[in-house]
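Please read the structure below before turning to the comments.
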Number of protein chains: 2
Amino acid sequence: MNIYDISEKAGVSIATVSRVLNGNSKVSDKTRKKILAVMEETGYQPNVFARGLGLNTMNTVGVMCADSSDMVLASAVYHVEQELHKYQYDVLLCCTGYETEEKAKYMNLLLSKRVDALILVGSSFIEKNMEKNQYIIEAAKEVPVMLVNAYLDASNVYCAVCDDRTMMRQVTREFLEQKRQILYLYRSLSYSGRQKLQGIKDAFKDCGQKPEKDQMVLMKDSTIEDTRKFLAERWGQGVRWNVVMTSDDELAVGACKFAKAQGLKVPQDMQILGYNNSKISICSEPEISTVDNHMQKAGTLAVDQLMEILKKEEVEQKTIVKGEMVLRDTTIDL
Amino acid sequence: MNIYDISEKAGVSIATVSRVLNGNSKVSDKTRKKILAVMEETGYQPNVFARGLGLNTMNTVGVMCADSSDMVLASAVYHVEQELHKYQYDVLLCCTGYETEEKAKYMNLLLSKRVDALILVGSSFIEKNMEKNQYIIEAAKEVPVMLVNAYLDASNVYCAVCDDRTMMRQVTREFLEQKRQILYLYRSLSYSGRQKLQGIKDAFKDCGQKPEKDQMVLMKDSTIEDTRKFLAERWGQGVRWNVVMTSDDELAVGACKFAKAQGLKVPQDMQILGYNNSKISICSEPEISTVDNHMQKAGTLAVDQLMEILKKEEVEQKTIVKGEMVLRDTTIDL
DNA sequence: TTGTATGCGTTATCAT
DNA sequence: ATGATAACGCATACAA
């Protein structure tokens with residue numbers, strides 16, 4: 001069933017059929033109704049490929065994320081999809097992993113599928129080494145690229161970033177003002193990873209201090225159990241702290257497990273702060289105080305801005321989304 | 001840059017270019033190399049829309065799930081995507097929610113986008129009321145439909161189902177043989193929801209018993225806190241049990257919180273069993289024993305079978321994936 | 001308001 | 001082995 005069949009059955013030309021298909025006003029009510037009726041009764045559906053061929057678009061955007069089974073990314077992807085759906089756009093999903101080469105391959109794949117835009121969800125897409133971001137800059141020459149919680153200063157790439165640096169600065173300062181001994185556990189040097197680190201350094205500077213090297217430790221792929229063990233080992237070596245700050249809730253859970261095993265009371269003996277306000281923060285015992293950086297909001301915002309861009313309207317290259325503290329049972333000073 | 005440009009630069013016809021594009025053998029090595037070289041130097045990429053128009057496919061499959069931010073579904077979707085990627089298929093992702101009407105709309109959308117197949121992830125897609133599954137049967141007339149952890153007996157729909165019924169039967173029987181008083185908390189009457197319920201009933205029957213009506217309670221949208229409160233209330237009314245079985249780990253976390261608040265020792269005074277082996281089961285304190293139904297495996301299996309189907313090979317309409325017990329700290333009898 | 005004709009970039013069927 | 005050409009189904013500029 002194609003546009004010719006419809007035109008024939010309705011006794012009009014294909015141009016007229018095409019017009020009602022595209023909501024063109026210049027069609028008499030009578031013929032429009034006639035055509036609509038025929039479409040209805042035949043169950044006609046326009047062929048998107050033919051349409052795409054002419055218009056060079058299929059109303060599809062490529063959404064890339066490192067790992068959609070990661071709770072934080074999954075949530076952001078979900079919101080991106082829902083928002084795009086509102087605008088009648090579909091999502092081509094790619095789970096790229098964390099290797100630059102794979103990411104670039106996936107991106108080329110999406111580009112070859114002629115997506116209307118790319119949305120990169122998660123800060124792992126922007127690395128410190130600018131060479132590794134080059135493929136994004138290249139892609140942006142073809143279609144607009146939206147970054148969700150990452151920042152890259154390049155033409156045709158737009159960023160909706162969470163205010164991780166400020167959040168970290170703020171909370172760290174509060175701990176420092178209470179003369180707490182902080183240990184910061186973090187996961188990666190992704191864009192947001194660096195922002196958080198920077199926020200902590202800011203806070204130390206604010207207080208006329210400087211963090212010790214071993215106050216900030218990179219945990220990379222550590223599981224909860226790894227984290228617990230690591231802390232136990234440190235503690236066994238005589239190292240002491242009374243605040244554990246983390247770059248994600250999972251690390252915080254590890255800290256909770258350590259505290260319990262060590263017989264340390266949380267938050268009296270040791271405070272713990274998570275990050276992301278993910279579901280696991282309320283599964284732990286005690287429930288974890290955490291920072292919500294409102295990544296979902298960054299996701300929907302990125303989509304909204306993308307729609308502006310596709311309408312050829314001007315959009316800020318960088319928009320910042322405010323975060324929020326979610327205080328529960330692992331902190332007292334905040 | 002299109003096939004004409006390439007043919008011109010290479011001094012051949014578009015037919016020959018098309019041949020090398022499609023790996024057709026009947027091209028001399030010399031011209032093939034020449035054409036490949038031109039493609040390389042021009043960075044030519046075939047237009048997928050034109051290709052789609054001719055072949056009526058874009059190597060895309062529609063993946064539907066109710067909510068990709070749900071940890072369990074997200075994980076399955078991730079594995080589905082990864083597996084499809086291996087076969088060079090792309091994923092058009094749709095988060096449909098739980099309303100039949102929305103699901104049907106999304107499905108039509110995917111169909112109108114001419115996907116090669118549909119994969120429905122999660123048992124919420126199959127409802128007890130067969131009328132509500134009708135739209136799936138309709139869709140299956142157009143493309144193969146793969147169900148991940150759900151079952152529907154219809155033409156052109158194939159199912160990779162987890163063995164939830166057997167797992168539940170097995171574990172329930174063990175508890176019953178230990179003369180435990182069971183309370184079962186569940187979330188929905190989705191396909192797997194019904195299977196689990198059935199498994200429990202099987203076990204009771206095996207032991208010559210019948211579950212009381214109030215031993216199995218539907219928690220629908222209950223949060224962890226709701227669950228804790230509910231249990232506290234029941235306990236306050238004098239109802240007693242020493243095993244809480246659940247249809248998902250989140251309910252189990254609620255049970256843990258209740259136990260702690262009530263001063264009940266887990267697992268001595270009360271055993272708790274989760275379901276899904278999701279990350280939250282190891283965040284809780286104590287860590288939750290849980291059933292892993294290997295839903296990811298069902299996801300990858302569905303994809304593998306789909307590939308067979310698309311190659312016009314025969315495939316079983318229903319394949320069962322075995323589950324596994326993951327014993328941790330909230331059970332003793334198992 | 002409606003119709004005609006052309007282009008979009010492939011694949012595939014014939015010829016040669 | 002290679003080339004010419006007809007589909008594929010739609011949008012649209014131009015005519016009427």
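It should be emphasised that the depicted structure is a prediction, and the values quoted were computed from it without experimental measurement. Every chain is numbered from 1 and lettered A, B, ... according to where its sequence line falls, protein lines coming before strand lines.
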Worksheet entry | Pairing of A:Lys103 and A:Glu127 as salt bridge, 4.0 angstrom limit | yes
Fill in: side chain to side chain contact (heavy atoms under 4.5 Å, CB included) partner of A:Met146, chosen from A:Leu306, A:Val315, A:Val80
A:Leu306
Item to complete: Between C:dT13, D:dA11, D:dA13, spot the one nearest the side chain of A:Ser18, thanks.
Response: D:dA11
Discussion item. If we check side chain to side chain contact (heavy atoms under 4.5 Å, CB included) with B:Ile119, which of these qualifies: B:Leu84, B:Val77, B:Val145?
Written reply: B:Leu84
Item to complete: Can you tell me the distance, in whole Å, between the NZ atom of B:Lys26 and the P atom of C:dT13?
Response: 14 Å
Fill in: Spacing between A:Leu53 atom CG and D:dG9 atom C1', to the nearest angstrom
9 Å
Worksheet item: Just to confirm, is there a sub-4.0 Å distance from OP1 or OP2 of C:dT2 to any side-chain nitrogen or oxygen of A:Thr16?
Response: no
Worksheet item: So what does B:Asn56 touch, heavy atoms closer than 4.0 Å: a base, only the sugar-phosphate, or nothing?
Response: nothing
Worksheet entry | Residue whose nearest DNA chain C nucleotide is more 5′ - B:Ala15 or B:Ala50 | B:Ala50
Fill in: D:dC8 phosphate, OP1 or OP2, under 4.0 Å from A:Asn2 side-chain N/O
no
Worksheet entry | Separation of D:dT2 P from B:Ile35 CD1 (nearest whole Å) | 8 Å
Discussion item. Any base atoms under 4.0 Å from B:Val12, or only sugar-phosphate, or nothing? Heavy atoms, all strands.
Written reply: sugar-phosphate
Worksheet item: For B:Leu92 and B:Val63, what are the C-alpha separation, side-chain angles and deciding distance, and is it a side chain to side chain contact (heavy atoms under 4.5 Å, CB included)?
Response: CA-CA 6 Å; B:Leu92 220 34; B:Val63 173; over 6 Å; no
Worksheet item: Should A:Asn156 and A:Tyr158 be marked as a side chain to side chain contact (heavy atoms under 4.5 Å, CB included) after you check the CA-CA gap, both sets of side-chain angles, and the distance that decides it?
Response: CA-CA 6 Å; A:Asn156 209 25; A:Tyr158 301 84; 3.7 Å; yes
Worksheet item: Between C:dT4 atom C1' and A:Arg19 atom CZ, what is the distance in whole Å?
Response: 10 Å
Practice prompt. Can you tell me the distance, in whole Å, between the CD atom of A:Gln45 and the P atom of D:dG9?
Written response: 14 Å
Practice prompt. Return no unless some side-chain N or O of B:Arg51 is found under 4.0 Å from OP1 or OP2 of C:dT11.
Written response: yes
Practice prompt. Would you tell me if any nitrogen or oxygen in the side chain of A:Tyr4 comes within less than 4.0 Å of OP1 or OP2 on C:dT4?
Written response: no
Worksheet entry | Nearest-nucleotide pick for A:Thr31, side chain only, options being C:dT2, D:dA11, D:dA4 | C:dT2
Practice prompt. Could you check how far CD1 of B:Ile14 sits from P of C:dA12, rounded to whole Å?
Written response: 12 Å
Item to complete: Among C:dT10, D:dT2, D:dA11, find the nucleotide with the atom closest to the side chain of B:Ile3.
Response: C:dT10
Item to complete: Tell me whether the OP1 or OP2 atom of C:dT4 has a side-chain N or O from A:Ser13 closer than 4.0 Å.
Response: no
Practice prompt. For A:Asn47 and C:dG9, give me the distance from atom CG to atom P, rounded to whole Å.
Written response: 16 Å
Discussion item. Rounded to whole Å, please give me the gap between CE in A:Met1 and P in D:dC10.
Written reply: 11 Å
